[in-house]
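For reference, the structure is listed below as structure tokens.
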Amino acid sequence: MTFYQYIAEGLFLVFVLLIIAGSFITIRARILMHTVLGLAVALLGVAGIYFYLGSMFLTLMQILIYVGAVCIVLIFGIMVGSTPTEIAEKTIKDRKNIFLAVSAAAAAFFLLMISILKTEWIAAPAQVRDFSARHLGESFLYQYCLAFELISVILLIAIVGAIILARGGQENKGEPSS
Amino acid sequence: MEIISTLPPELIRMVFAVIIIISFIFLNAIMMGYLERKIAGHVQRRPGPMEVGSHGILQLVVDGVKLVGKELLVPVNVDRTLFRLGPILSFTPVILPLLVIPFSEKLQARDLNLGLLFIVSMTSINVMAILVAGWGSNNKYSMFGAMRAVAQSIAYEIPILLSMLAVVLMANTFSLKEIVGAQQKIWFILLQPLAFIIYIISGVAETNRAPFDLPEAESELTAGFHTEYSGMGFSLFFLGEYTNMFTVASVATVLFLGGWHGPTLPYGEYLGIVWFFLKVYFLLFFMIMIRWTYPRVRFDQLLNFAWKYLVPFSLVNILITAVVIKL
């Protein structure tokens with residue numbers, strides 16, 4: 001192995017370690033804030049894996065969107081919301097919630113396992129496909145156009161839902177806000 | 001010695017680049033701190049620092065020594081891990097953007113073909129640092145400062161990205177070097193004046209500086225998110241802020257002011273850095289002058305300005321750009 005290969009393999013291990021450690025913090029932390037930061041670490045590790053696989057564009061997008069935007073919005077929600085520890089104490093002891101959580105996690109796990117086991121894993125060729133921004137953009141707007149547009153509809157629904165939720169919590173609707 | 005001889009030259013080059021950049025960050029912070037205090041002094045018709053060295057030129061060196069020597073206080077009821085993590089998190093990502101900025105035709109640590117995206121994604125981590133610091137301090141003022149910082153940076157990230165996108169559309173690349181290369185004949189500030197204005201306004205807001213310095217508004221929040229920090233903890237935030245300003249100004253130079261282009265110098269491939277730094281420090285001087293000239297805006301004014309004026313204008317700008325390019 002050349003020097004660069006050693007560095008690459010070492011980085012791969014670091015990224016995997018980041019994902020595992022981040023996920024572990026996400027599950028085990030007692031404070032919601034730590035949970036989200038653990039999630040951010042795990043997502044940073046995923047960005048590292050993209051980097052290892054040679055797609056700079058996906059790496060940067062992962063950092064920009066997941067670490068830079070999604071996690072920050074989550075933290076913002078935590079800061080504005082009510083005291084996190086009390087909620088955690090109350091809901092964890094509820095039996096129905098435990099059942100729901102376990103079954104949801106198990107369903108997701110089995111779905112993923114089925115698709116992993118069914119896939120025929122082919123060793124990657126020396127020259128992998130082109131993952132540059134240009135190629136990704138073209139395949140989004142030609143090959144996967146429908147899926148791409150459907151995702152934007154989901155985002156629209158999410159925004160409308162957020163507005164309705166925010167409006168619903170507001171009292172004395174008729175008066176002007178200022 | 002064996003290991004050193006087998007090291008790839010590219011790696012050695014990167015290590016040297018990182019060392020140079022980190023030392024430049026400290027130098028830049030010292031210069032900017034001195035400039036800021038001097039300009040503030042003259043704007044307010046007083047001399048500013050005068051005692052240490054000629055015209056107080058060594059004042060910031062002495063201040064630096066003082067900050068390094070100070071005790072690192074950790075208040076009693078704070079979240080210790082996050083409190084320590086905040087300054088580190090705010091300082092680390094600000095180093096990385098300087099790796100891809102082309103200071104002159106041949107002075108660039110690494111030419112990524114997604115350089116602009118790299119800078120944007122690295123600076124987006126900065127908000128996380130402010131949040132961690134603000135929440136970890138367990139102080140109401142810090143918390144308010146952090147929440148303001150988030151609302152502000154979410155609002156101003158959109159116009160700043162859209163104004164960058166207009167330039168990317170014109171140059172047809174994300175590589176900073178190629179963007180500068182595309183301005184050989186005419187600078188983009190002449191073709192995209194609206195995008196430049198939007199970029200500068202949002203850039204000042206993104207770096208949390210007056211008149212948009214609500215996350216650290218002294219009159220209402222003591223010092224905002226870094227109220228509880230002392231010594232090096234505070235200085236890392238300070239370094240981060242000045243480096244962020246430098247990054248914003250250099251990206252503006254690259255995107256709109258033609259980067260290293262200027263009247264021809266001997267060894268132009270390297271000495272283009274003179275023009276680059278002149279433009280960058282002119283923009284930084286401009287940002288400092290704004291800070292000491294205009295009063296702080298109110299928070300609703302700040303958000304209204306972003307969502308009601310900057311975002312629509314930048315959208316229209318990008319639409320017109322796209323149409324004109326396609327025609």
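Small disclaimer: the values here were computed from a predicted structure and weren't measured. Proteins get letters first, then strands, A, B, ... in listed order; numbering begins at 1 in each.
Only the side chain of A/Leu37 has a heavy atom closer than 4.5 Å to any heavy atom of chain B. For chain A, no part of B/Leu85 is nearby; none of its heavy atoms comes within less than 4.5 Å. Contacts of B/Leu114 with chain A are made by both backbone and side-chain atoms, with heavy-atom separations under 4.5 Å.
By the neighbour-count criterion of 12 heavy atoms within 6.0 Å, atom CZ of B/Phe144 is sparsely surrounded, having that number or fewer from other residues, nucleotides or ligands.
Ranking B/Leu117, B/Leu131, B/Val150 against chain A, the residue ahead of the rest is B/Leu131, based on heavy-atom pairs under 4.5 Å.
In this structure, A/Phe148 and A/Phe140 have parallel ring planes: the angle between them is below the 30° cut-off, well short of the 60° mark.
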**Asked** B/Leu165 and B/Leu161: side-chain contact (heavy atoms from CB on, under 4.5 Å), yes or no, with the steps?
**Response** CA-CA 6 Å; B/Leu165 217 53; B/Leu161 284 178; over 6 Å; no

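Across all their heavy atoms, B/Ala133 and B/Phe237 have their closest contact at CB-CZ, 3.5 Å.
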